[in-house]
Amino acid sequence: MRRRRMAGILPFQMDKGTSKNPNSRLCFLASLSAFFWFFLFYFHFMVLNNNSKNSIIDESTFLHLGQVPKTTFQSTPFHVPDENQLIEGNQKMGLSDLKQETPKSEKVFSFMRALRTSENKSDPCGGRYIYVHDLPSRFNEDMLRECKSLSLWTNMCKFTTNSGLGPPLEEENNIEGVFSETGWYATNQFAVDVIFNNRMKQYECLTSDSSIAAAIFVPFYAGFDIARYLWGYNISMRDAASLDLVDWLMKRPEWEIMNGRDHFLVGGRITWDFRRLSEEESDWGNKLLFLPAAKNMSMLVVESSPWNANDFGIPYPTYFHPAKDDDVFIWQDRMRNLERKWLFSFAGAPRPDNPKSIRGNLIEQCKRSKVGKLLECDFGESKCHSPSSIMQMFQSSLFCLQPQGDSYTRRSAFDSMLAGCIPVFFHPGSAYTQYTWHLPKNYTKYSVFIPEDDIRKRNVSIEERLRQISMEQVKIMREEVISLIPRLVYADPRSKLETLKDAFDVSVQAVIDKVTNLRKDIVEDRIDENFIEENSWKYALLDEGQHEVGPHEWDPFFSKPKDGNGDSNDSSAEAAKNSWKNEQRNHS
């Protein structure tokens with residue numbers, strides 16, 4: 001019987017297959033199995049594991065809700081700061097700052113912490129802190145210990161007593177009860193340095209941390225310093241303390257914050273004593289206010305320059321220094337109820353050596369008028385040296401004539417307003433451009449202005465001009481003057497007024513406002529490229545928010561100085577010298 005062929009197997013294949021060794025087939029199967037397991041392990045550990053890693057990385061790209069893997073993010077440690085936490089640049093960060101994102105491009109300034117103190121509404125001193133430099137005693141206290149050298153003609157030792165107020169006015173000086181019972185002293189008109197410094201010691205918002213200070217006070221007795229060297233000393237001696245001071249200040253870290261533009265000091269004299277224009281030995285005063293460092297500071301003087309931006313006028317000290325609010329209120333009531341029998345009055349001496357002076361004209365008009373009162377001050381033991389005689393005349397007058405003194409200003413203007421007498425000015429530099437911190441910019445509310453040329457060239461009658469003002473208007477103006485009294489006097493430094501702001505308070509707040517506005521301008525990168533220092537007197541008259549100045553009706557009174565540096569040699573130096581001659585005459 002023949003066998004059936006197997007399907008799909010050719011005869012020659014069968015012959016070859018049947019001829020193989022069974023052992024070789026086992027080896028082939030073992031090798032095939034080993035290869036299979038090798039390939040399985042390779043696929044599992046190399047391919048699948050690698051794909052798994054790739055899938056995790058890809059998944060993280062979809063975590064768009066802030067769930068960023070820790071291995072790919074590093075952060076700076078952060079916590080919610082408290083009120084005292086400082087951030088970069090000495091800034092204080094409050095909770096309100098956390099609600100706003102700070103742009104990366106925002107500039108950081110070292111004075112930002114001081115600016116932000118005003119945001120703390122629970123702090124009554126927020127935005128009002130003052131830091132006082134601890135100066136070496138040679139800049140202040142040593143001068144008081146050597147008080148006999150402070151004036152060539154006057155023994156200033158008695159005038160530096162009672163914190164600078166001087167000795168109390170004795171009863172024999174209180175003619176007919178001109179003064180109230182307390183608060184009256186024989187105060188020297190150039191004693192503001194020490195009065196202001198002692199008032200500062202009682203300031204309620206002093207701080208030992210300069211980084212929160214709204215302004216920095218320099219307790220240098222600038223007026224006393226120059227007074228002792230004005231006559232008979234060379235310019236090296238006159239400049240020595242000023243140069244020493246700025247050298248000391250510029251080495252302090254507080255100076256670096258704003259290069260001194262947040263610093264202020266007091267010089268209880270007219271500005272011309274600090275503005276020597278040359279290095280000539282015969283030139284007057286020192287050069288404190290022309291030193292580059294001093295140009296950055298603010299200096300408070302009893303008469304400022306209309307053409308310079310680094311000095312500011314503050315009131316001359318009067319004889320009245322209240323210790324409490326009631327002292328002021330009682331005095332104001334007395335001034336309201338006085339009977340004033342004179343239409344106008346004038347206390348002063350002629351200036352025959354000054355052809356531009358109108359004092360001679362005023363004296364003549366007072367003598368001719370039946371409603372004018374004159375207190376002549378030029379001969380012997382004049383009543384002008386008696387505070388009670390002066391105040392008695394002012395208290396008896398509706399209007400008090402206040403022409404220029406030896407310079408633009410005179411103490412008498414403040415004595416007259418203290419007496420409730422409406423001042424009559426003849427030059428805008430006597431008050432209107434000087435005391436813009438303390439007096440209303442609308443000068444018609446409290447004073448009368450008669451241009452000098454009306455007297456000098458047009459022979460205008462003062463009596464006729466004043467009679468044109470109705471009695472009702474006079475009452476309104478007098479009440480305005482009386483309401484100004486608190487801000488024109490310096491309170492007793494040994495006490496504190498409760499609700500009233502005196503001349504010191506007004507001055508300090510004005511400095512704070514000036515520095516604060518400057519800091520805000522720096523932060524907001526505001527620069528007044530059109531500022532002209534020569535027009536400084538005009539800027540002082542601008543209303544808040546105004547920046548541009550132009551032609552003014554008072555331009556003829558402040559024509560451009562001959563040398564362009566603040567005043568001509570003829571006017572500034574001679575005015576200062578005449579002031580000293582007048583002081584010599586008063587104490588001879």
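Both backbone and side-chain heavy atoms feed into the values below; hydrogens, waters and symmetry mates do not. Note that this is a predicted model, so its numbers are computed, not measured.
By the 6.0 Å and 45° rule, R411 stacks over the aromatic ring of Y319.
Residues P403 and R359 approach most closely at CG-CG, 4.1 Å, considering heavy atoms. In this structure, Q189 and P317 approach most closely via the heavy-atom pair O-CD, 3.3 Å. Among all heavy-atom pairs drawn from L277 and D283, the shortest one is N-OD2, 3.3 Å. The minimum heavy-atom distance linking S298 with K514 is given by the pair OG-NZ, 3.0 Å. The minimum heavy-atom distance between F159 and T187, with the atom names listed, is CD2-C, 4.5 Å. When all heavy atoms are compared, the tightest approach of K121 to S118 is NZ-O, 3.6 Å.
With sequence neighbours left out, Y432 forms a side-chain hydrogen bond (donor to acceptor under 3.5 Å, both in side chains) with S447. Qualifying ring-ring contact (aromatic ring centres under 6.0 Å, His included) partners for F220, counting only residues two or more places apart in sequence or in other chains: F139. Residues forming a side-chain hydrogen bond (donor to acceptor under 3.5 Å, both in side chains) with D311 (at least two apart in sequence, or on another chain): T271, R275. Scored by the salt bridge (charged side-chain N to carboxylate O under 4.0 Å, His left out) test, D247 finds K251 as partners (sequence neighbours excluded). For R128, the salt bridge (charged side-chain N to carboxylate O under 4.0 Å, His left out) partners at least two apart in sequence or on another chain are E204. For F426, there are no ring-ring contact (aromatic ring centres under 6.0 Å, His included) partners at least two apart in sequence or on another chain. For D521, the side-chain hydrogen bond (donor to acceptor under 3.5 Å, both in side chains) criterion is met by R526, not counting sequence neighbours. Residues satisfying the salt bridge (charged side-chain N to carboxylate O under 4.0 Å, His left out) test with E254, not counting sequence neighbours, are R252. A search for salt bridge (charged side-chain N to carboxylate O under 4.0 Å, His left out) contacts involving R276 returns D239, E279, not counting sequence neighbours. Judged as a ring-ring contact (aromatic ring centres under 6.0 Å, His included), and not counting sequence neighbours, Y316 has no contacts. Every residue was checked against the side-chain hydrogen bond (donor to acceptor under 3.5 Å, both in side chains) condition with N140, not counting sequence neighbours, and none meets it.
Side-chain atoms of N310 come within 3.5 Å of backbone N or O of L289 as a donor-acceptor pair. A donor-acceptor pair under 3.5 Å is formed between the side chain of N517 and the backbone N or O of D513. The closest donor-acceptor contact from the side chain of R456 to the backbone of I358 lies at 3.5 Å or more, if one exists at all.
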Practice task
Could you walk me through whether N162 and R494 pass the side-chain hydrogen bond (donor to acceptor under 3.5 Å, both in side chains) test, one step at a time?
Solution key: CA-CA 8 Å; N162 294 312; R494 298 163 296 185; 3.0 Å; yes
Practice task
Evaluate the side-chain contact (heavy atoms from CB on, under 4.5 Å) criterion for residues T117 and N120: first the C-alpha distance (whole Å), next the side-chain angles of each, then the deciding distance (0.1 Å), finally the verdict.
Solution key: CA-CA 6 Å; T117 59; N120 186 357; 5.9 Å; no
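Residue-environment remark: CD (E498) stays at or below the threshold of 12 foreign heavy atoms within 6.0 Å. Annotation for N234: atom CG counts as buried by contact number, over 12 foreign heavy atoms lying within 6.0 Å. Other residues, nucleotides and ligands place no more than 12 heavy atoms under 6.0 Å from the NZ atom of K520.
Taken from CD in E303 to CG in D273, the straight-line distance is 9.5 Å, to the nearest 0.5 Å. From T516, atom OG1 reaches atom CD of Q509 across 8.0 Å, with rounding to the nearest 0.5 Å. A distance of 7.0 Å separates CG of L265 from CG of L300, quoted to the nearest 0.5 Å. The NZ atom of K538 sits 3.5 Å away from atom CG of D555, with the distance rounded to the nearest 0.5 Å. If you take OG on S242 and CZ on F274, they are separated by 8.0 Å, rounding to the nearest 0.5 Å. Rounded to the nearest 0.5 angstrom, H321 NE2 and S163 OG are separated by 11.0 Å.
The shortest side-chain heavy-atom distance between T160 and M143 does not fall under the 4.5 Å cut-off. F394 is not listed as a side-chain neighbour of L418, based on a closest heavy-atom distance of 4.5 Å or more. Within the 4.5 Å cutoff, the side chain of P322 has no heavy atoms near those of the D502 side chain. Looking at heavy atoms from C-beta onward, V508 lies out of side-chain contact with R199 at the 4.5 angstrom threshold. Counting only heavy atoms from C-beta outward, the side chains of Y490 and I314 approach each other to under 4.5 Å. Side-chain contact check for V481 versus P423: some heavy-atom pair is nearer than 4.5 Å.
Checking each of F414, F312, Y408 against Y435 for a ring pair (Phe, Tyr, Trp, His ring centres under 6.0 Å) leaves exactly one that passes, namely F414. When W272, W231, Y233 are each tested for a ring pair (Phe, Tyr, Trp, His ring centres under 6.0 Å) with W284, only one passes: W231.
Here ring pair (Phe, Tyr, Trp, His ring centres under 6.0 Å) pairs that include residues 519-538, with residues two or more places apart or in two chains, are F531-Y539, W537-H552, W537-F558.
No hydrogens or angles considered: a donor-acceptor pair under 3.5 Å links the side chains of R113 and S211. Counting only N and O atoms by type, the side chains of Q404 and S357 include no donor and acceptor under 3.5 Å apart. Side-chain polar atoms of N198 and Q202 form no donor-acceptor pair below 3.5 angstrom. Under 3.5 Å, the side chains of N308 and S536 contain no donor-acceptor pair of N or O atoms.
A salt bridge does not link D193 with R269: every distance from a Lys NZ or Arg NE/NH1/NH2 to an Asp or Glu carboxylate oxygen is 4.0 Å or more.
In summary, the aromatic rings of F264 and F217 are positioned with their centroids under 6.0 Å apart. Taking the six-membered ring wherever Trp is involved, the centroid distance between the rings of Y131 and H133 falls below 6.0 Å.
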